[in-house]
Amino acid sequence: MNSRKYIFISGGVISGLGKGVTAASIGRLLESTGFSVTAIKVDMYLNLDAGTIRPQEHGEVFVTDDGLESDQDLGNYERFMNVNLGRANYITTGQVYQEVLRRERAFEYQGEDVEAIPHVTDEIIHRIKEAGRVQRAEIVIIEFGGTVGEYQNALFFEASRIMKFKTPADILQVHVAYLPIPVSLGEMKSKPVQQSVKLLNSMGIQPDMIVGRADAPIDKRRRERLALFCNVRPEDVISNPNVDSIYEVPLILEAQRVGEIILEKLGLKPRRHNLKDWRKLVASIQRVKREIKIAVVGKYFGTGDYTLSDSYISVIEAVKHGGWTQGIKPNMTWIDAERYETNPKLVQELNTYAGVIVPGGFGSRGVEGIITAIKFAREQKIPYLGLCYGMQLATVEFARHVAHLIGAHTTEIKKRPTHPVIHIIPEQEKKLLKFEYGGTMRLGAYPAKLKKDTRAEKIYGRGRVSERHRHRYELNNEYREILESAGLVISGASPDGRLAEIIELPGERHPFFIGTQFHPEFQSRPLSPHPLFTAFVTAAKKRQLVSLTADQLADPAL
Ligand code: GLN
């Protein structure tokens with residue numbers, strides 16, 4: 001067997017370039033040539049994982065099967081490469097330092113000075129290699145967060161330089177950088193990329209390939225200039241322009257032979273070429289004809305570095321996956337639930353949507369507005385999908401308005417409500433009392449048993465499923481009977497029956513009303529859409545066909 005190969009992907013000029021999509025696309029291409037590939041995201045934060053970072057700051061917290069709270073890029077890797085990743089695939093500065101300091105206290109350095117180089121860089125290299133081993137990958141892609149030149153990621157670049165120094169034939173450096181087209185000039189400028197490559201050079205790193213991100217394709221002249229000034233062959237300068245769908249990126253890279261060039265440089269020969277399924281996928285995305293409008297109701301407010309859609313990227317992608325297979329392009333609108341608190345009449349605007357989703361969330365902001373929206377979706381028979389918090393708040397809504405449990409609530413919001421229909425999982429309470437917040441939720445994949453002849457069982461087409469979780473609260477079993485006798489169906493539960501996993505309204509009450517305690521969005525892949533999302537879009541599509549009256553549309557309150 002060949003030695004394991006490592007491809008480092010760094011960013012230049014600006015962040016938010018779509019480096020993750022580039023890394024994931026390269027992974028897809030290499031897999032299509034018959035190699036086993038894994039991908040690691042390196043984040044520069046001192047946080048041990050992404051679980052303690054606000055999604056508005058950092059983007060979505062993506063949860064893996066083994067319960068890691070990670071960066072949204074792991075979601076990109078899983079979706080593009082169709083693999084299941086885990087703890088080894090996410091490295092933060094905090095993890096590295098924590099281990100180095102643990103070893104220092106355990107006298108594992110045996111009296112040596114513990115220094116950034118080599119001890120911190122060794123730990124980084126160890127983790128990178130370990131991920132390749134754990135995932136049994138022949139090729140490991142390592143994406144560095146941030147951009148070259150930031151103090152906080154210098155040691156990671158240094159680790160990559162050392163790896164290249166030790167085994168040059170096994171290491172590749174790919175630099176993804178931005179070519180702006182200033183409006184005032186109207187032409188693409190390559191100088192910022194040249195400068196970021198100079199920064200790399202100053203750290204002893206020469207890129208083997210440059211991926212130029214820009215609003216438009218890179219022309220021949222600029223490609224040649226970049227090659228000349230950055231010391232690479234013109235064919236190693238890859239154009240990665242904006243596209244309608246991120247899923248087109250692997251094909252754009254393939255057209256420039258990226259997979260083959262990388263293999264050549266690593267001394268590998270392709271074992272096969274198989275991008276057929278991906279080409280079919282992209283063709284079906286490009287073919288979609290009908291748009292349907294989906295409302296995503298939640299608490300939304302000003303964002304930091306990341307945009308709102310980054311905070312829910314897996315939900316957005318899962319809905320899209322569910323649509324493409326049936327020629328549908330779901331159009332998502334973010335609705336701030338606080339609107340319905342200040343003016344409940346506005347909730348009628350939901351009538352103009354084909355479906356309503358309430359995604360995961362925490363805290364009290366907008367909660368009453370969300371409950372108003374769920375009530376409206378239930379009463380007006382608008383297809384409804386509640387994800388985690390969306391399931392819990394649907395339970396609260398049902399308890400209050402159908403089971404007549406006045407004052408029903410979740411104890412996350414109200415400490416002692418008259419009817420705590422959602423309450424904290426007992427083990428979770430103990431953790432919070434000890435201030436153990438990081439990485440302590442009910443996390444990762446757990447099995448659920450589905451009840452026979454329910455909507456959920458029919459949609460999944462099987463009786464047992466495994467789904468990923470991230471929560472501290474659950475449906476209070478003391479209320480199960482009351483809720484069930486009022487017509488709520490608990491169609492999925494943990495195998496011991498203790499924890500409610502799925503709630504639904506039966507077909508005679510509603511065309512589509514499902515809430516899941518888990519996050520099905522994390523397992524949806526473009527090539528294998530999640531059945532719950534497909535079913536939701538199918539129901540939404542039907543509603544659109546029968547939809548609105550002119551009167552409703554003309555309502556001045558909307
Ligand atoms: N806040 C709720 C809980 O902790 C829901 C979490 C979520 O939506 N991910 O249980």
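Whatever order the structure lists ligands and atoms in, that order sets their numbers, starting from 1.
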Side-chain donor-acceptor pair under 3.5 Å between [X] and [Y], yes or no?
X      : Y      : answer
Tyr446 : Gln517 : no
Thr93  : Gln152 : no
Tyr479 : His423 : no

Quiz item: Near ligand 1, which residues have a heavy atom under 4.0 Å away from one of its atoms?
Solution: Gly360, Gly361, Phe362, Cys388, Tyr389, Gln392, Glu412, Arg470, His471, Arg472, Tyr473, His519
Listed pairs under 3.5 Å, donor-acceptor, residues 46-53 side chains, sequence neighbours left out:
{"residue": "Asn47", "atom": "ND2", "partner": "Thr52", "partner atom": "OG1", "Å": "3.1"}
{"residue": "Asp49", "atom": "OD1", "partner": "Gly51", "partner atom": "N", "Å": "2.8"}

Exercise. Before accepting this row, confirm whether a basic side-chain N of the pair Arg339/Glu349 lies closer than 4.0 Å to the acidic partner's carboxylate O.
Key: yes
Self-check item: Lys/Arg N to Asp/Glu carboxylate O, Glu130 vs Arg127, below 4.0 Å
Solution: no
